[in-house]
Every structure is written in structure tokens, then in C-alpha cells.
Student: 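One structure, as C-alpha cells, below. Some questions next.
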Amino acid sequence: MGTVVLVHGIGNLVRGASPEQAAELKAAAAADRLRKGLSAAGLSHVPLPELVMAYYAHQLADDHRPEQQSADAGTLEDLTSAQEGEAWEWLETAGVARPAEGQAGMLSPLRWAVHGLVEQRAGDARPAARQRLAELLSRLVVATLQDTDAYTSRPGRRKAVRATVAQAVRDHGARVVVAHSLGSVVAYETLHAHPDLELDLLLTLGSPLGLPAIMRKLDPEPTAGRGARPPGVRHWVNIADVGDLLAVPRELGGAFPVDVHATTDIGLFDPHTLGGYLAAGLTAAALAPHFTD
């Protein structure tokens with residue numbers, strides 16, 4: 001039974017721990033969630049493989065945001081003008097139009113748009129629940145934009161993060177990589193930068209790879225609007241939660257050569273976490289055949 005390398009997404013900085021300790025903590029938490037996923041899929045008899053977290057959150061530290069990586073993300077009003085433009089592109093991709101003059105009322109236009117998106121997706125929920133979901137979505141948007149910039153803004157840092165992921169795969173002889181959220185961007189670039197890495201399965205979860213704002217920053221750049229398959233990837237599965245508003249456009253916008261796209265439902269208030277995806281039976285079922293090889 002081989003090792004599975006996990007590549008985390010936003011909001012994973014562990015303060016007061018070494019990178020090695022943080023990786024172990026994250027891997028242990030992921031194993032607990034995947035056990036639940038195997039149970040949900042009726043596969044409790046399948047033995048759990050070794051899970052290794054390719055931990056890179058500490059490498060996104062910025063001189064202007066000391067030791068910050070999503071856990072301290074600001075508000076929508078803290079976005080730069082460029083990030084605000086990307087946020088609008090994101091929201092419009094998810095189906096929300098910009099407000100007409102005066103339509104936003106007391107809210108900022110971006111905040112109004114986020115609330116509008118929540119009304120579209122969860123309009124039958126209680127007002128307090130909708131407010132909670134709007135706050136969660138706002139934090140996720142800000143964190144993803146900030147962390148993407150933290151990853152892509154400096155070539156040296158980008159190279160170091162990709163080296164961390166490549167080393168985890170290489171050191172453990174892993175044939176399966178599970179990449180979540182921003183981690184799917186990191187994994188995609190890593191596998192292109194290190195074509196000697198050969199995988200039986202790349203599983204992307206809650207991936208924003210298809211967002212135009214992210215596609216423009218990819219290395220290698222898409223050609224004619226399409227991203228290339230990493231050369232060493234034998235099979236690519238992409239899973240998105242039906243309510244994951246970071247995983248838009250659906251099916252990565254048809255811009256990547258994914259073999260299988262699938263959707264799951266990990267809950268209204270847990271629409272984007274790695275743990276939520278791992279605890280889903282669909283994710284566990286996609287992974288289980290590779291645990292017994």
C-alpha cells in the first residue's frame with residue numbers, strides 16, 4: 001500500500017509549530033476525516049494508507065503580512081484594487097451581477113454581491129444562518145485572493161513551495177496526490193515543473209483552477225484558454241461540492257483535461273474544507289482503489 005500526499009489550501013498556518021510538526025498534525029486530522037469518508041462509502045474494511053501533508057503555509061509569509069496566511073485574512077474592504085477586480089470577476093462567474101447605482105444600500109458593492117449570492121444559494125435558510133454563510137464566504141474570497149497573490153507574487157517563493165510538494169512526493173514514492181483549494185494550483189504547477197514525478201491519480205478538491213483570475217497567473221500559462229495536463233499524471237479526478245463557491249466555474253470551466261468531474265454535498269456551512277471533502281463518501285470511493293494496489 002502506497003503513500004498519499006496531501007496538498008493543503010488556504011488557512012493552514014499552524015503557529016508555534018515547526019513545519020514538520022504542522023505537517024504531522026494536518027496529516028493526522030486528515031486521516032480521521034478520511035476514515036469517516038470510507039465509512040460513508042461503505043468501505044470501512046479498506047485499510048487507510050499513510051497520509052503525508054506537503055505543508056507549505058509557512059512559506060507564504062510576507063514581509064508586509066508577517067506570518068500571515070489566511071488565518072489573519074482581512075475583510076473585503078481590505079482588498080487591493082487589483083484584488084477587488086478579481087473578486088468581481090469571481091462573483092460574476094458564480095452568477096452575481098454588479099449592483100445598479102444605489103442598489104447596494106448601506107453595504108459596499110462587493111459585500112452586497114456576496115449577500116446576493118448567498119440569497120441565491122441558501123435563500124430558504126434562517127436569516128442568522130444566511131448572515132453566517134455570507135461572512136464565511138467573504139473570508140474565503142479574501143483569503144484565497146491574498147494567498148494566491150502570496151504564492152504567485154515572488155518567483156523564489158513560488159519555486160520553494162513547489163519544491164516542498166515535489167520533495168514530499170519523491171521522498172515517499174507517492175503515486176497519489178490529493179490537492180485541495182489553492183493546493184490544486186500548487187500541485188498543478190509542481191507536476192509541470194517536475195515532470196519526472198509520475199502519479200496514478202491526481203485528485204483535486206474544491207479547485208479554483210478554472211477561475212480566469214487564477215488561470216492568468218498559472219505557470220505554465222494556458223494556451224488558447226486551455227491548461228495542459230501535467231506530463232506524469234495518469235488519471236485526473238476533480239470533485240467539487242455543490243455549494244462550494246470557490247470551486248467555480250464548474251468542471252474547471254472545461255479548460256483542463258480532467259478525466260472525471262464529480263460533485264458532492266459536504267454541507268451548507270462546510271462547503272470548502274479539506275476535512276469536509278475527505279469525509280465525503282465520493283472522495284473516499286475515488287481514492288480507495290489506490291489504497292489496495
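Counting begins at 1 with the first residue of the sequence. These figures come from a predicted structure and were not determined experimentally. FYI, side chains are in, hydrogens and waters are out, and symmetry mates aren't considered; it's all heavy atoms of this structure.
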Student: Pair Leu209, Leu218 - check side chain to side chain contact (heavy atoms under 4.5 Å, CB included), show working.
Tutor: CA-CA 9 Å; Leu209 265 172; Leu218 282 178; 3.9 Å; yes
Student: State which residue, out of Val141, Leu136, Val142, fulfils the side-chain contact (heavy atoms from CB on, under 4.5 Å) condition with Arg139.
Tutor: Leu136
Student: Please examine the side chains of Leu76 and Ser138, heavy atoms only from C-beta on, and report whether any two atoms are closer than 4.5 Å.
Tutor: yes
Student: Answer yes or no: are there more than 12 heavy-atom neighbours, outside Lys36 itself, under 6.0 Å from its atom NZ?
Tutor: no
Student: For Ala87 versus Leu145, what's the shortest heavy-atom pair and its separation?
Tutor: CB-CD1, 3.8 Å
Student: Supply the atom-to-atom distance Leu34 CG to Leu278 CG, rounded to the nearest 0.5 angstrom.
Tutor: 5.5 Å
Student: State whether the side chain of Arg175 and the backbone N or O of Leu199 hold a donor-acceptor pair below 3.5 Å, judged by distance alone.
Tutor: no
Student: Quick one: does any side-chain atom of Ser153 pair with a main-chain N or O of Asp149 as donor and acceptor, under 3.5 Å?
Tutor: yes
Student: Do the non-hydrogen side-chain atoms of Ser184 and Pro208 ever get within less than 4.5 Å of each other?
Tutor: yes
Student: So how far is it from Arg170 CZ to Leu197 CG, rounded to the nearest 0.5 Å?
Tutor: 4.5 Å
Student: Can you tell if the side chain of Leu6 reaches within under 4.5 Å of the side chain of Lys26, non-hydrogen atoms only?
Tutor: no
Student: Run the salt-bridge test on Glu86 and Lys217 with the 4.0 Å N-O cut-off and return the result as yes or no.
Tutor: yes
Student: List for me each residue that meets side chain to side chain contact (heavy atoms under 4.5 Å, CB included) alongside Glu92, sequence neighbours excluded, and say none if there are none.
Tutor: Arg98
Student: Could you give the distance from OG1 (Thr152) to CZ (Arg216), rounded to the nearest 0.5 Å?
Tutor: 11.5 Å
Student: Show your working on side chain to side chain contact (heavy atoms under 4.5 Å, CB included) between Glu50 and Val4 and close with a plain yes or no.
Tutor: CA-CA 6 Å; Glu50 179 186 12; Val4 174; over 6 Å; no
Student: Judged by modelled atom types alone, do Asn238 and Thr204 share a side-chain donor-acceptor pair under 3.5 Å?
Tutor: yes
Student: Are Leu48 and Arg35 close enough, and set up right, to give a side chain to side chain contact (heavy atoms under 4.5 Å, CB included), and what steps lead you there?
Tutor: CA-CA 7 Å; Leu48 199 69; Arg35 285 190 190 93; 3.8 Å; yes
Student: For the atom pair CE (Met53) and CD (Glu20), what is the distance rounded to the nearest 0.5 Å?
Tutor: 14.5 Å
Student: Does a side-chain heavy-atom distance below 4.5 Å link Met215 with Phe256?
Tutor: yes
Student: Given 3.5 Å as the limit, does a donor-acceptor pair link the side chain of Trp90 with the main chain of Leu245, or not?
Tutor: yes
Student: Are the side chain of Asp241 and the backbone N or O of Ile266 linked by a donor-acceptor pair below 3.5 Å?
Tutor: yes
Student: I'd like to check Tyr55 versus Leu13 (side-chain heavy atoms, cut-off strictly below 4.5 Å). Are they in contact?
Tutor: yes
Student: Do Val177 and Leu203 come within less than 4.5 Å of each other through their side chains, counting heavy atoms only?
Tutor: no
Student: What pair of heavy atoms forms the shortest contact from Leu60 to Ala150, and how long is it?
Tutor: O-CB, 3.8 Å
Student: Given Tyr277 and Asp244, is the side-chain hydrogen bond (donor to acceptor under 3.5 Å, both in side chains) satisfied, shown in steps?
Tutor: CA-CA 11 Å; Tyr277 275 106; Asp244 190 343; 2.7 Å; yes
Student: Please name the pair of heavy atoms, one in Ala247 and one in Ala240, separated by the smallest distance, quoted to 0.1 Å.
Tutor: CB-CB, 3.9 Å
Student: Taking everything shown except Arg234 itself, do over 12 heavy atoms lie less than 6.0 Å from its CZ?
Tutor: no
Student: Side chain of Thr283, backbone of Ala279: donor and acceptor closer than 3.5 Å?
Tutor: no
Student: Ignoring hydrogens, what is the shortest heavy-atom contact between His272 and Gly206? Give both atom names and the distance.
Tutor: CE1-O, 3.2 Å
Student: Roughly how far, to the nearest 0.5 Å, is CZ of Arg132 from CG of Leu137?
Tutor: 13.5 Å
Student: Test your reading of the model: is there a side-chain donor-acceptor pair from Asp259 to the backbone of Val237, 3.5 Å cut-off?
Tutor: no
Student: Indicate yes or no for a side-chain donor-acceptor contact from Asp171 to the backbone of Ala168 under 3.5 Å, with no hydrogens or angles considered.
Tutor: no
Student: Can you tell me how far CD of Glu251 sits from OG1 of Thr263, rounded to the nearest 0.5 angstrom?
Tutor: 8.5 Å
Student: Looking at Glu89 and Thr93, what are the two nearest heavy atoms and their distance?
Tutor: O-OG1, 2.7 Å
Student: Would you name the heavy atoms of Pro249 and Leu211 that are closest together and state the gap between them?
Tutor: CD-N, 3.8 Å
Student: Without swapping roles, check the side chain of Asn12 against the backbone of Gly9 for a donor-acceptor pair under 3.5 Å.
Tutor: yes
Student: Can any side-chain N or O of Arg250 pair as donor or acceptor with the backbone N or O of Val242 at less than 3.5 Å?
Tutor: yes
Student: Considering only heavy atoms from C-beta outward, does the side chain of Ser207 approach that of Leu252 to under 4.5 Å?
Tutor: yes
Student: Please assess Arg130 against Leu133 for the test side chain to side chain contact (heavy atoms under 4.5 Å, CB included), listing each intermediate value before the final yes or no.
Tutor: CA-CA 5 Å; Arg130 295 200 301 273; Leu133 188 58; 5.6 Å; no
Student: Glu189: what forms a salt bridge (Lys or Arg N to Asp or Glu O under 4.0 Å) with it, not counting sequence neighbours?
Tutor: Arg158, Arg162
Student: Report yes if the side chains of Leu287 and Val176 come closer than 4.5 Å at any heavy-atom pair, otherwise no.
Tutor: yes
Student: Treating Glu84 as the side-chain partner and Ser81 as the backbone partner, does any N or O pair qualify as donor plus acceptor under 3.5 Å?
Tutor: no
Student: Tell me whether the rings of Tyr188 and His192 are parallel (<30°), tilted (30 to 60°) or perpendicular (>60°).
Tutor: perpendicular
